[in-house]
2 protein chains.
Amino acid sequence: MGIFSKTCEYAIRAVFYIAQKSQEGQKTGIKEIAENIDSPEAFLAKILQKLSKVGLISSSKGPTGGFYLDTVGLQRPLADIVAAIEGDDIFTGCGMGLSYCSEENPCPLHKDFKKVRNQIIKMLHETTIGKFNQELINGQLTLNK
Amino acid sequence: MGIFSKTCEYAIRAVFYIAQKSQEGQKTGIKEIAENIDSPEAFLAKILQKLSKVGLISSSKGPTGGFYLDTVGLQRPLADIVAAIEGDDIFTGCGMGLSYCSEENPCPLHKDFKKVRNQIIKMLHETTIGKFNQELINGQLTLNK
DNA sequence: CCAATAAAGGACTTTTTTATCCTTTATTAA
DNA sequence: TTAATAAAGGATAAAAAAGTCCTTTATTGG
Ligand code: FES
Ligand code: FES
């Protein structure tokens, strides 16, 4: 596994896809999303349900329904998605699994790991969900290769 | 979970502990290690078996036996431990789970994630297993808080 | 109203990770 | 040579993550 869980990876890819579609003025359904981000449909449905329930994405039922993001949603940091799925361990936890990370009782990796963690935090906070819409629409970036 | 699996976290903590003891001229047994790094004993045994089999740590059976590291072992990078436990996904994989990471078909996070990944690689390659022995012996660093 | 559509939700299964227990093998020292 | 000790190894078990399937609820357009 990478640094995020599979669930979280699907979530990130899905919100980028939904963002792209929203930018183009369209709602999109689970089936379409799953195909375009290469994820299992039923499982993705559960993930989007969760994101929807906590208000990170919007959804509507019935024909013409689907998932979408409003302007506010498009400007949220990716960190919100990750936090909703994984909790905040990745933002605060110790790199080698100590029960908490602290300056007073640092683990051997503390100094170096803090840099790693800060870089992750920076990446996730500076990236808004809608940040890459244009590149995605242009096909300069991919969500499924 | 943090960026490493629990198994990997135990492995890292354990080798640091074994390194410390080796520096002090002592072998150490599973029970002692497990107590000092706060890990389940039987599970840790499996992990150390694996590291032992691939030659990253040494062991000897019977009374006076235990796990230890020779001078060569103490100088290996932590990356070797992580690779033995987790494979090299963390060193090469895509941050949002695409099947491979590439410049030609980058995901939205590629540019930023490369920095994160390089920082992780740097940390794991520049840290030798024996690097923190003195601080561990002095109690300036901890493996179990 | 009704049929079709799409998300929400509940119940479940599979797979992977984490963890335990018990037996076997090797080594030591008395 | 034997009793004690400690790692190695096999067989399971428990818990968590990943994944599926089917029913319910809401919405739409005819
Ligand atoms: S104590 Fe381990 S990263 Fe801070
Ligand atoms: S393609 Fe995703 S990190 Fe390189």
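Since this is a predicted model, take the numbers as computed values, not measurements. Order of the sequence lines sets the chain letters (A, B, ...), proteins ahead of strands, with each chain counted from 1.
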How many angstroms lie between atom [atom1] of [X] and atom [atom2] of [Y], to the nearest 0.5 angstrom?
| X | Y | atom1 | atom2 | result |
| --- | --- | --- | --- | --- |
| A:Leu141 | A:Phe132 | CG | CZ | 7.0 Å |
| B:Lys115 | B:His110 | NZ | NE2 | 11.5 Å |
| B:Gln49 | B:Leu44 | CD | CG | 10.5 Å |

Rounded to the nearest angstrom, tell me the gap between atom [atom1] in [X] and atom [atom2] in [N].
| X | N | atom1 | atom2 | answer |
| --- | --- | --- | --- | --- |
| B:Ile47 | C:dT20 | CD1 | C1' | 13 Å |
| B:Leu51 | D:dA7 | CG | P | 14 Å |
| A:Gln49 | D:dC21 | CD | C1' | 13 Å |
| B:Phe43 | D:dA16 | CZ | C1' | 13 Å |
| A:Leu44 | C:dA6 | CG | P | 15 Å |
| A:Leu48 | C:dA6 | CG | P | 15 Å |
| B:Glu86 | C:dT17 | CD | C1' | 11 Å |
| A:Asp38 | D:dA18 | CG | P | 16 Å |

Selection: residues 16-36 of chain B, any non-hydrogen atom under 4.0 Å of DNA chain D:
B:Thr28, B:Gly29, B:Ile30
Quick one: does [X]'s side chain have a donor or acceptor within less than 3.5 Å of a partner on [Y]'s backbone?
| X | Y | result |
| --- | --- | --- |
| B:Arg76 | B:Ile81 | no |
| A:Glu86 | A:Ser5 | yes |
| B:Asn133 | B:Gly130 | yes |
| A:Ser99 | B:Lys145 | yes |

Identify, between B:Met1 and B:Lys46, the residue whose nearest nucleotide on DNA chain D lies closer to the 5' end.
B:Lys46
Does C:dA19 have OP1 or OP2 under 4.0 Å away from a side-chain N or O of B:Tyr10?
yes
For D:dA18, take OP1 and OP2 only and decide whether either is under 4.0 Å from a side-chain N or O of A:Thr7.
yes
Considering only side-chain heavy atoms of B:Lys6, which listed nucleotide, D:dG9, C:dA19, D:dC21, is closest?
C:dA19
A:Val82 pairs by side chain to side chain contact (heavy atoms under 4.5 Å, CB included) with which of A:Ile3, A:Ile121, A:Ile90?
A:Ile90
Could you point out which residue of B:Ile129, B:Ile85, B:Leu78, B:Thr127 forms a side chain to side chain contact (heavy atoms under 4.5 Å, CB included) with B:Ile12?
B:Leu78
Can you check each nucleotide of nucleotides 22-30 of chain D against protein heavy atoms at under 4.0 Å and return B for base, S for sugar-phosphate only, - for none, in 5' to 3' order?
---BBBB--
Donor-acceptor pair present, B:Lys50 side chain and D:dG9 base, under 3.5 Å
no
